[in-house]
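Okay, structure first, notes after.
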Amino acid sequence: MVATAPAKLILCGEHAVVYGQPAIAVPLPDLRATATVQAGAPHTGLTLAVPDLSPEPIHDPQHPLLALIHATLHTLAAPAAPDLLLTVRSSIPIASGMGSGAAVATALVRAVAQWYGVAMTDAAVSDLVYQSEQRLHGTPSGLDNAVIAYAQPIWFVRQSPAPLIEPIQIGAPLHLVIGDTGIRSETRLPVGAVRQAWQAQPAHYTALFAAVGDIVRQIRTILALPQPELPLLGALLTANQHLLAQIGVSSPALEQLIGTAQAAGARGAKLSGAGWGGIMLALATDSAHAAHIAAALRAAGAVQATPTVVQAHG
Ligand code: MEV
């Protein structure tokens, strides 16, 4: 049984989304995590193989991914300790802001559900992965698991008792370039630093988050237009970046790639994900322009620069 899940790209609203502001994220279908389930040898219990990371299979039930599989079995009302061999592979760069952990977790949940012949809803998959992300990251908003489980562009608001997740309309294809600083940054570190800063200066940070929220609402409106207003959209993305820098999650390497993209004519550019490293995105006018920006980013030291198109949707 094989299941896959895409990487994700946050267009706007990261960090502020943890504090209740909206965010917009899209799946990146060309980068995927894949999980395979097979019958294991008798009396071996659950075995997880992650050949890209380690030659030794994992048996420790405390391991976050095995804990997730146990939670999935519980949800499915399946036997608690079946003899199963699960293998995960992923083409998504780790700790780069593209949701590699959530994609691996999503593929695993879907593969196990398929093994037992259960059709899980996107919401149920997203919930299970969210619980796993909480064990790893402390205070995730739930945005990453939602966009990966729903595998479509979404509007996301963290709220009680359940998040608001809406598919959004993309009126015309969006040409983006994703530039990778090559600096790995674990999500929980900048997220924790922002929490401390917010606790120290709640009014200041709440105002920054609200300003991000205003930008995200405007971006949703522009994205729905059949002819996107690229200069305005780009200016809003760049304004989001300025707020992220004030929030404290940009970095010299990100700023350098963002400046390079702008010098190459990008309509707007910003970091994407948790920051302090990982990836940035730039808005191009068309495919040729995207290729030009990607070449400039590579020349400026990006370890990868990938043009990508977010297709019209909804
Ligand atoms: C990380 O991909 C996105 C953040 O907004 C954290 C979160 O939403 O949990 C930085």
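Ligands are counted one by one from 1 in listed order, and the atoms in each one are counted from 1 as well.
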Exercise. Counting each atom of ligand 1 from 1 as listed, which ones have a heavy atom of P140 under 4.0 Å away?
Worked result: 9 (O)

Seminar exercise, completed: Taking only non-hydrogen atoms of I10 and a 4.0 Å limit, the atoms of ligand 1 in range are 2 (O), 3 (C)

For this session: Return yes or no for this condition: an N or O of T187 is under 3.5 Å from an N or O of ligand 1.
Result: no

Exercise. Any donor and acceptor pair, going by atom type alone, linking the side chain of T106 with main-chain N or O of A5 inside 3.5 Å?
Worked result: no

Problem set entry | N145 and S126: CA distance, side-chain angles, deciding distance, side chain to side chain donor-acceptor pair (under 3.5 Å) verdict | CA-CA 5 Å; N145 48 280; S126 183; 3.0 Å; yes

Problem set entry | T238 side-chain N/O to A269 backbone N/O, donor-acceptor pair under 3.5 Å | yes

Seminar exercise, completed: Closest heavy-atom approach to atom 5 (O) of ligand 1 among H15, R158, M98, Q134 is made by H15

Seminar exercise, completed: Paired with W276, the side chain to side chain contact (heavy atoms under 4.5 Å, CB included) test is passed by just one of L271, L189, L254, I183, namely L189

Exercise. Once the angle between the rings of W198 and Y19 is folded into 0 to 90°, is it parallel (under 30°), tilted (30 to 60°) or perpendicular (over 60°)?
Worked result: tilted

Exercise. Is A274 in contact with ligand 1, taking contact as a heavy-atom separation below 4.0 Å?
Worked result: yes

For this session: Please identify which atoms of ligand 1 are closer than 4.0 Å to at least one heavy atom of S141.
Result: 7 (C), 8 (O), 9 (O)

Problem set entry | Shared hydrophobic cluster, M1 / V104 (ILVMFWY, side-chain heavy atoms < 4.5 Å) | yes

Problem set entry | Polar atom proximity, D144 to ligand 1 (N or O, under 3.5 Å) | yes

Exercise. Under 4.0 Å from any heavy atom of V17, which atoms of ligand 1 are there?
Worked result: 5 (O), 8 (O)

Seminar exercise, completed: So for K8 against ligand 1, with non-hydrogen atoms under 4.0 Å, the contacting part is side chain

Exercise. Does E14, backbone or side chain, put an N or O under 3.5 Å from an N or O of ligand 1?
Worked result: no

For this session: Please check if the side chain of N240 supplies one atom and the backbone of G13 the other of a donor-acceptor pair under 3.5 Å.
Result: yes

Exercise. Is ligand 1 under 4.0 Å from a heavy atom in the side chain of V249, in the backbone, in both, or in neither?
Worked result: neither

For this session: Without swapping roles, check the side chain of T72 against the backbone of L68 for a donor-acceptor pair under 3.5 Å.
Result: yes

